[in-house]
Amino acid sequence: MMAPRTEAAGDGAPGPASASSPPGGPASTAAPAPVAPAAGGRRSPRPDRAAWFFLGPFLALFLFAFVLPIGYAVYQSLLKVERHGPLGLGKPTVGFAGLENYALALQQADFVESFGRVLLFGIVQVPVMLLLALVLALLLDQLADRWAGLLRASYFLPYGIPGVIATILWGFLYVPGISPITEALGSASPEFLSYDNMLWSVANIVVWEFAGYNMLIIVAQLKSIPQELYEAARIDGAGPWQTALRIKIPLVRPALVLTCVFSIIGTMQLFAEPLVMRVLSPAVTANYTPNLSAYNDAFANANVYLAAAKAVLLALVACALSFGFLSLVTRKERRGR
Amino acid sequence: MPVRRKVLAWGAAAAAAPALAACGESAGAARLTRQAPRRKGQKTRLVFWTWVPLQKAVALWNRKRPDIHVEVQIVPANTQGGYQKMHSSLKAGSPPDLAQIEYYALPEFMLVNGLTNLSEHGGDKLKDSYVDWQWKQGVFGGELFAMPQGSGPMGFYYRKDLFERWDIEVPRTWDEFRRAAVKVKKRGAGAHICAFPPNNAMWYAAFPWQRGAQWIRSEGDTWLVDIDSEASLEVADFWDGLLRDKLLAVMPDTQSAWYKAVQSGQLVSWPAAQWGDALLRGNAPGTKGKWRVTTLPQWEAGDNASANWGGSSTAILQGTQHPAEALEFAHWLNTDPESIDLLVAAGYGWPAARIDLKDTALGKPDPFFGGQRYNEVFQESDSHVDTSWKWAPTTIQSFEHIKDAFGRATAGNGSITGAMKDVQGRVVDDLKAKGLKVRSA
């Protein structure tokens, strides 16, 4: 299945892209580099040949692992199976469908609703997670180095656990009859797996998984703040609270923007957690999230072409949302200057 | 510049490769079955995907036939991931040689051209070894596409000790079942007669089946969907009543919470298939000797109607290079008496082979069931299964709809009756979307 990127929440498996942001590497995560506006002015008219040499491997991989799958998915989304013979059990052939699959997908109320569900999920879960990540990062920044390292590692640990495993683990804490939580709370225990609570039970898992990861990006940005600023603040009589509010938080803004974009993309792709929870509770329907809906079509319904159309639609929405968010944030930035 | 051009050329080549591959887009399996020549002394290796731990039977085969080595790979059960995996392996052109596929899923695999035509490899000759209706589950358009493995005639497992302690009679009809459910709830301090698993459409289907409903039929070249028939709704109404009065525990079955409730006596009966014995024995060993088996409660007093839950074939997937060897193994696996005994112990279900109960492990008294020769119940049940019940080629998708609708109903948002009416429309739409001729019955 095609998917734009696999950072941040939702995908579960730590992808190669996330592995490339080294823990605590201030330089690499200091700014959302890919989206920075093009530097104008002093640029040589012809790019260096050496640049192509270094870019080559990346471009090849990018084409092969990113552009091509998208192209293939778009191509597949334009096809359909035609059936022949008695009861349709004869040899099937593949025909051109035009935009039929897209129309079909958009006619499915369950599929359209699933976008609303992940949006609601994202509106609540992303701010909660990022706030938690920010608070943890600020606390760690305040701590002595020895403890900070240990705590940072332990906060980051959940990210190392694959999403499926994490969900199974949390599943045991949610299922009544097995869960020590429901047992301890007795009749006061919420029904974690009910229709009303399921989305937030999943949100809890995602927060648990990714708060530490996002914290790490924010910590890296905090480390890159020049010490002189702190000194100046101290001379001006700022306490730790004021330093945090007036200096640290405004200066980690780029990191917050970056983690927020990752989280938006991850939220749209929400998949592994609901898939596992579906076994435990019927509150997770077959079309709970757009990704799950595409999966259901591809494998339960054996219609990869419709699934491809849904995946393309999902990618478009994720793209629109993340770029929309970025332009919103940068417009404010421009106005502020 | 040459470097740049080279990079672009490489990029273009990389881009072209999958695009060229895509030109050969096929509707079904990416690879077709072709018999590889077999040289003397050469070892054939077969891969077999199943979710039942039948390694012992396969080990026996591997000892007996060192020239055809079978490797068992355990996959997630059916719709929990197993079929998904099989469909994608077919599409990708890397399928296993053999796979366990339940009868209801066979039409779905037929629809994507995913099964090897076994008639072309001499499969028809083996017909007489199998129970007729099970054989027919793998026959499409007069040709054989899957070897029958086993079925799941339904029975009624119950905790004899608890029924006696609470002075409850074992129900003979569904009305009596309801009365027993009331008593269990009253006398059992938190216990329920059984669970209603909203996730298990297959389990539920056994009851309309027993009532004589038919969810799908074919008429000429048209599929007739009849999920909201009178008989089907009558059954739905019965379960609605039990749920409304909170006489059942609502939880997914054969999951950890369900097993715990079975172990602790919170669930005291289970209308289930013959292969349920292995699940009880394996997951609730502490209840040994307390269980008994009797016939399924009846809709009409004095009847002996039965139904089937589960039922698997050993299918040979499209794309194998060793269909003849795979067929030979599948036939041995499902008919060899020693193999059958090992399969039964592994919970593979009621054999599809014609057997004499007395000659197999199935006919022995079982200490888990207090020394009862419980399989006699299932043998009786098996002979009363209405074998005209059929499955649609979109059954897996239908099960997803039922699961979703039952989930809403059991959460107090709708009813089982409403679910049946809702699913009726969805199944018609599914079949239509597949390009099949369909109408509501």
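The analysis underlying the following values was restricted to heavy atoms, covering all of them including side chains, and did not include hydrogens, waters or symmetry mates. Below, chains carry the letters A, B, ... as their sequence lines are ordered, and counting in each starts from 1.
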> Side chain, backbone, both or neither: which part of A:Leu280 has an atom under 4.5 Å from a heavy atom of chain B?
Replying inline: both
> Can you name the closest pair of heavy atoms from A:Ala302 and B:Val112 and give their distance?
Replying inline: CB-CG1, 4.0 Å
>> Please enumerate all residues that pass ring pair (Phe, Tyr, Trp, His ring centres under 6.0 Å) together with B:His87, with sequence neighbours excluded.
In response: B:Phe109
>> At a heavy-atom distance under 4.5 Å, which candidate from B:Ala411, B:Ser88, B:Ser264 has the highest pair count against chain A?
In response: B:Ser88
> For B:Ser415, which residues count as a side-chain contact (heavy atoms from CB on, under 4.5 Å) partner, sequence neighbours excluded?
Replying inline: B:Asp240, B:Thr417
> Counting heavy atoms not belonging to A:Phe54, are there more than 12 under 6.0 Å from its CZ?
Replying inline: no
>> Need one label for A:Asn296: side chain, backbone, both or neither, based on atoms under 4.5 Å from any heavy atom in chain B.
In response: both
> Is the number of heavy atoms from other residues, nucleotides or ligands within 6.0 Å of CD (B:Gln214) greater than 12?
Replying inline: yes
> Which of residues 168-179 of chain A get closer than 4.5 angstrom to chain B, counting heavy atoms alone?
Replying inline: A:Phe172, A:Val175, A:Pro176, A:Gly177, A:Ile178
> Side chain, backbone, both or neither: which part of A:Thr285 has a heavy atom under 4.5 Å from chain B?
Replying inline: both
>> My understanding is that only residues two or more places apart in sequence, or in another chain, count here; which of them pass salt bridge (charged side-chain N to carboxylate O under 4.0 Å, His left out) with B:Lys432?
In response: none
>> What's the separation between atom CG in A:Asp110 and atom NE2 in B:His401, rounded to the nearest 0.5 Å?
In response: 8.5 Å
>> Quick check on B:Gln266 against chain A: is it the side chain, the backbone, both or neither that has a heavy atom closer than 4.5 Å?
In response: neither
>> Quick check on the interface: out of B:Ser398, B:Ala257, B:Ala261, who has the most heavy-atom pairs with chain A under 4.5 Å?
In response: B:Ala257
>> So, taking the atom named CG in B:Leu436 and the one named CZ in A:Arg83, what distance separates them when rounded to the nearest 0.5 Å?
In response: 6.0 Å
> Which heavy-atom pair separates A:Ala300 from B:Glu108 by the least distance, and what is that distance?
Replying inline: O-OE2, 3.7 Å
>> Please find the pair of heavy atoms, one from B:Gly407 and one from A:Tyr195, that lie closest to each other, and give the distance.
In response: C-OH, 2.7 Å
> Between B:Glu400 and chain A, which part of the residue has a heavy atom less than 4.5 Å away: side chain, backbone, both or neither?
Replying inline: both
> How long is the gap from CG on A:Asn301 to NZ on B:Lys434, to the nearest 0.5 Å?
Replying inline: 4.5 Å
> Is it the backbone or the side chain of A:Ala283 that comes under 4.5 Å from a heavy atom of chain B, or both, or neither?
Replying inline: neither
>> As an exercise, state the distance from OG1 of B:Thr394 to CG of A:Asn303, rounded to the nearest 0.5 Å.
In response: 12.0 Å
> Do B:Lys403 and A:Val284 touch side chain to side chain, with heavy atoms closer than 4.5 Å?
Replying inline: no
